Amino acid sequence: MKKIAVIPGDGIGKEVMNSTLKVLSAFDFPFQYEWGEAGDETKEKTGEALPEETLELCKKSDAVLFGAAGETAADVIVRLRRELNTFANIRPAKTFRGVKSLFEDVDIVIVRENTECLYKGIEFEVEDAAAGVRIISKKASQKIAEYAFSLAKRERRKKVTALHKANVMRKTCGMFRDVCREVSKRYPDIEFNEYYIDAACMYMVLDPWRFDVVVTTNMFGDIISDLAAGVVGGLGLAPSANIGEKTSIFEPVHGSAPDIAGKGIANPSAMILSATMMLRHFGYVDEAEKIEKALEKTIYEGKTTPDLGGSLGTEEMTSEIIKNFDS
Ligand code: NAI
Ligand code: MG
């Protein structure tokens, strides 16, 4: 039995969470759901955006399904990612037939180290200059490289590409590169290659099909995951996962969308795809594929919410997805 903390949060977070639980309930997963409160409304009610109770619930769960927070997002989700020690940020970039994008048939998963690099925030001023310290450890690099290869294996993917700039940042990127090479030797069935991050950005917009699983350090990963999102048509359908040692968080990239909240027209896809990432994480790859295929078909048929050009509401689109399970 897996314990899943369900945190719908604010605005459309609640609406897309409802849809997602409906989709999951069409299967018979051994999941035990427990609800937690967080976000703007919770803060108004209790004075705290992320009550201790919710934090404890998350800590004792195997996974957190998170909808979206509003203005308190930094106090809720950013804090949650830190409290749960999520060492990997996973952002798939996949095209959907029927969604406008620059390319077709792109299917990339970006695995970003999430704890160190320049984002550790070690910065200081010395007279008229400011400096930042880039920390790259062997341990964190091993963990992220191992995660990328095991994900590739689990998801039957063929290639892992490491991105770095070891020709210039010889020590930090050099260490990351060496660790990736070392880990790759243990996965002889998965092709391994490397690019310098700058060249990789060019390839991403000229020939994105050369990427499958991408593994990189924190800041490069932040930048290239947004670039990849642009390549597949924007953030509209973007799910994400924050992988922790014990508990992992699965959440759409979008926020609480106050402009459309309460209207029943939020697109549930990003939240549903975040849940299929959770299924994959737990090894339910076939079930995840089934849901993703049904979602793809629904989008292709134009049975979508207005943001994708359709005229359905959130609940109607969800029903269409569930109908497509059997086709
Ligand atoms: P947003 O992602 O909430 O909305 C941006 C635009 O995309 C809006 O026009 C919205 O209607 C649309 N949109 C987003 N998700 C959609 C969906 N599922 N279906 C249809 N349309 C969708 O970002 P914004 O407007 O910058 O922020 C709104 C609030 O959300 C803010 O309070 C912000 O702090 C919070 N936020 C929370 C995040 C989180 O909890 N992870 C992430 C980003 C923003
Ligand atoms: Mg970013």
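Atoms within a ligand are numbered from 1 in the order they appear, just like the ligands themselves. As the structure is a computational prediction, the values presented were derived from the model and not from experiment.
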* Indicate yes or no: does an N/O atom of P252 lie under 3.5 Å from an N/O atom of ligand 1? => no
* Among protein heavy atoms, which sits nearest to atom 3 (O) of ligand 1, and what does the distance come to when rounded to 0.1 Å? -> A257 N, 2.8 Å
* To do: Flag atom 30 (O) of ligand 1 as yes if some protein heavy-atom distance to it falls below 4.0 Å, otherwise no.
  => yes
* Tell me which one of N267, I260, T72 gets a heavy atom nearest to atom 22 (C) of ligand 1. => I260
* Structure fact -> Note: heavy atom closest to atom 35 (C) of ligand 1, options A73, A270, G11, A69, belongs to A69
* Classify the contact between E251 and ligand 1 as side chain, backbone, both or neither, using a heavy-atom distance cut-off of under 4.0 Å. => side chain
* Asked: Is the closest N or O pair between G70 and ligand 1 shorter than 3.5 Å?
  -> yes
* To do: Could you tell me if the ring centre of Y195 sits under 6.0 Å from that of H164?
  => no
* Answer yes or no for atom 6 (C) of ligand 1: protein heavy atom present at a distance under 4.0 Å? => no
* To do: Give me the one residue out of K2, K60, K3 that meets salt bridge (Lys or Arg N to Asp or Glu O under 4.0 Å) with E34.
  => K60
* Structure fact -> Checking heavy-atom distances from atom 44 (C) of ligand 1 to each of G255, S240, G9, the winner is G255
* Asked: Is there at least one protein heavy-atom neighbour under 4.0 Å from atom 1 (P) of ligand 1?
  -> yes
* Please verify whether a non-hydrogen atom of P258 lies at under 4.0 Å from ligand 1. => yes
* To do: Would you confirm whether any non-hydrogen atom of the protein falls under 4.0 Å from atom 18 (N) of ligand 1?
  => yes
* Looking only at protein heavy atoms, identify the closest one to atom 14 (C) of ligand 1 and say how far it is in Å. => H254 CB, 3.7 Å
* atom 24 (P) of ligand 1 touched by protein (heavy atom, under 4.0 Å) -> no
* To do: List the steps and the verdict of side chain to side chain contact (heavy atoms under 4.5 Å, CB included) for V133 and E123.
  => CA-CA 6 Å; V133 179; E123 294 189 295; over 6 Å; no
* To do: Could you find the nearest protein heavy atom to atom 11 (O) of ligand 1 and give me its residue, atom name and distance?
  => D259 OD1, 2.8 Å
* Quick check: are there more than 12 heavy atoms from other residues, nucleotides or ligands sitting under 6.0 Å from CZ of R210? -> yes
* Is the NZ or CZ atom of K94 both under 6.0 Å from the centre of the six-membered ring of F96 and within 45° of that ring's axis? -> yes
